[in-house]
*Asks:* 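I have a structure I would like to understand better, so I am pasting it below and will then ask my questions one at a time.
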Amino acid sequence: MQFKVPQNITMEDKVLGPLSMLQFLLLAGGLGISFAFYRIFSFSEFLANIIGGLLAGLTVIIVLGKFNDQPMYRFFRHIAYFIARPRARIWHKGGGEVPLISAMQPKQVSQKVAGKSVSKD
């Protein structure tokens, strides 16, 4: 017997034309913020056009652009995770499951050897 194998299961559903729901919400939010800046800087038409245009252009690039077959909003999210998460890996000779020790909070381990205090530092 042959079965149908699902194709493109990682592809997001298209809600409005070629846009997924997340892309539509990001586009609506970004263009709304751009319009708000345009209205805030209405005293200077040149400044309003520059800031509004840059924000609208950046929004369109983030929502519709792709890098390495990934949407730009997902690519920027991965960059933020890379910057925010610790990257220090510490090897322990004993093996087994050892949690990641953050560089921000060093753990003080001391042992008593013949009345002397020895630390790993």
Side-chain angles (χ1 to χ4, degrees):
M1 294 180 76
Q2 290 186 356
F3 298 97
K4 285 187 174 182
V5 177
Q7 301 290 323
N8 298 327
I9 59 174
T10 59
M11 192 177 222
E12 296 178 1
D13 294 331
K14 304 298 180 193
V15 177
L16 187 67
L19 300 177
S20 67
M21 180 61 86
L22 181 60
Q23 285 176 322
F24 175 71
L25 292 175
L26 286 172
L27 190 64
L31 294 179
I33 291 171
S34 174
F35 181 72
F37 272 102
Y38 184 77
R39 297 293 286 182
I40 288 171
F41 292 111
S42 62
F43 59 86
S44 172
E45 188 175 330
F46 177 74
L47 190 62
N49 287 336
I50 295 294
I51 292 177
L54 287 176
L55 284 175
L58 184 64
T59 300
V60 170
I61 288 172
I62 288 174
V63 170
L64 300 178
K66 287 192 174 194
F67 184 76
N68 287 341
D69 288 332
Q70 283 189 22
M72 290 297 275
Y73 57 87
R74 190 175 299 152
F75 179 71
F76 285 129
R77 185 181 69 200
H78 291 309
I79 288 175
Y81 286 159
F82 177 76
I83 292 171
R85 289 185 180 164
R87 291 178 294 280
R89 302 282 188 219
I90 299 174
W91 179 73
H92 293 278
K93 189 175 182 180
E97 189 66 31
V98 179
L100 178 66
I101 299 173
S102 176
M104 299 298 285
Q105 301 169 354
K107 192 174 183 180
Q108 296 292 332
V109 178
S110 61
Q111 300 172 347
K112 295 267 183 174
V113 179
K116 295 181 180 178
S117 178
V118 178
S119 69
K120 282 194 171 186
D121 292 338

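All values reported here derive from a predicted model rather than from experimental measurement.
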*Asks:* Flag yes if I50 and F43 sit in one hydrophobic cluster, no otherwise; membership is Ile, Leu, Val, Met, Phe, Trp, Tyr, and two members link when side-chain heavy atoms are under 4.5 Å apart.
*Replies:*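 In one cluster: no.
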
*Asks:* Could you walk me through whether F24 and V15 satisfy the side-chain contact (heavy atoms from CB on, under 4.5 Å) test, starting with their C-alpha distance in whole Å, then the side-chain angles of each, then the deciding distance to 0.1 Å, before giving a yes or no?
*Replies:* CA-CA 8 Å; F24 175 71; V15 177; over 6 Å; no

*Asks:* Which atom pair, heavy atoms only, marks the closest approach of S34 to G52?
*Replies:*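 That closest heavy-atom pairing would be OG-O, 2.7 Å.
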
*Asks:* Just verifying a value: how many Å separate L47 CG and Y38 OH, rounded to the nearest 0.5 Å?
*Replies:*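 Interatomic distance, L47 CG to Y38 OH, rounded to 0.5 Å: 11.5 Å.
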
*Asks:* Of all the heavy-atom pairs spanning S20 and E12, show the shortest one and how long it is.
*Replies:*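 Minimum heavy-atom separation between S20 and E12: OG-OE1, 2.8 Å.
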
*Asks:* So, taking the atom named CG in L22 and the one named CG in D13, what distance separates them when rounded to the nearest 0.5 Å?
*Replies:*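 It comes to 12.5 Å.
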
*Asks:* Are F67 and I79 connected into the same hydrophobic cluster when the rule is that any two of I, L, V, M, F, W, Y join if their side-chain heavy atoms are below 4.5 Å apart?
*Replies:*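 Same cluster: I79 reaches F67 through Ile, Leu, Val, Met, Phe, Trp or Tyr contacts under 4.5 Å.
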
*Asks:* L31 and I40: same hydrophobic cluster, using ILVMFWY side-chain contacts below 4.5 Å?
*Replies:*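 Different hydrophobic clusters.
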
*Asks:* State plainly whether one hydrophobic cluster holds both I33 and V60, where clusters connect Ile, Leu, Val, Met, Phe, Trp and Tyr through side-chain heavy atoms under 4.5 angstrom apart.
*Replies:*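 Different clusters: I33 never reaches V60 through Ile, Leu, Val, Met, Phe, Trp or Tyr contacts under 4.5 Å.
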
*Asks:* Could you pull out the closest heavy-atom pair between I62 and M72, with the gap in Å?
*Replies:*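 Taking I62 first and M72 second, the nearest heavy atoms are O-CB, 3.3 Å.
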
*Asks:* Side-chain contact, heavy-atom cut-off 4.5 Å: L55 with F37?
*Replies:*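 Heavy-atom side-chain distance check passes, below 4.5 Å.
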
*Asks:* For a quick test of reading the model, state the closest non-hydrogen atom pair linking Y73 to Q23 and the distance between them.
*Replies:*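 Taking every non-hydrogen atom into account, CE2-CG, 3.8 Å.
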
*Asks:* Among the clusters formed by ILVMFWY side chains lying less than 4.5 Å apart, do L58 and F76 turn up in the same one?
*Replies:*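 Hydrophobic grouping puts L58 with F76.
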
*Asks:* Please tell me if the side chains of T59 and L26 come closer than 4.5 Å, counting only heavy atoms from C-beta onward.
*Replies:*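 Sidechains of L26 and T59: no contact.
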
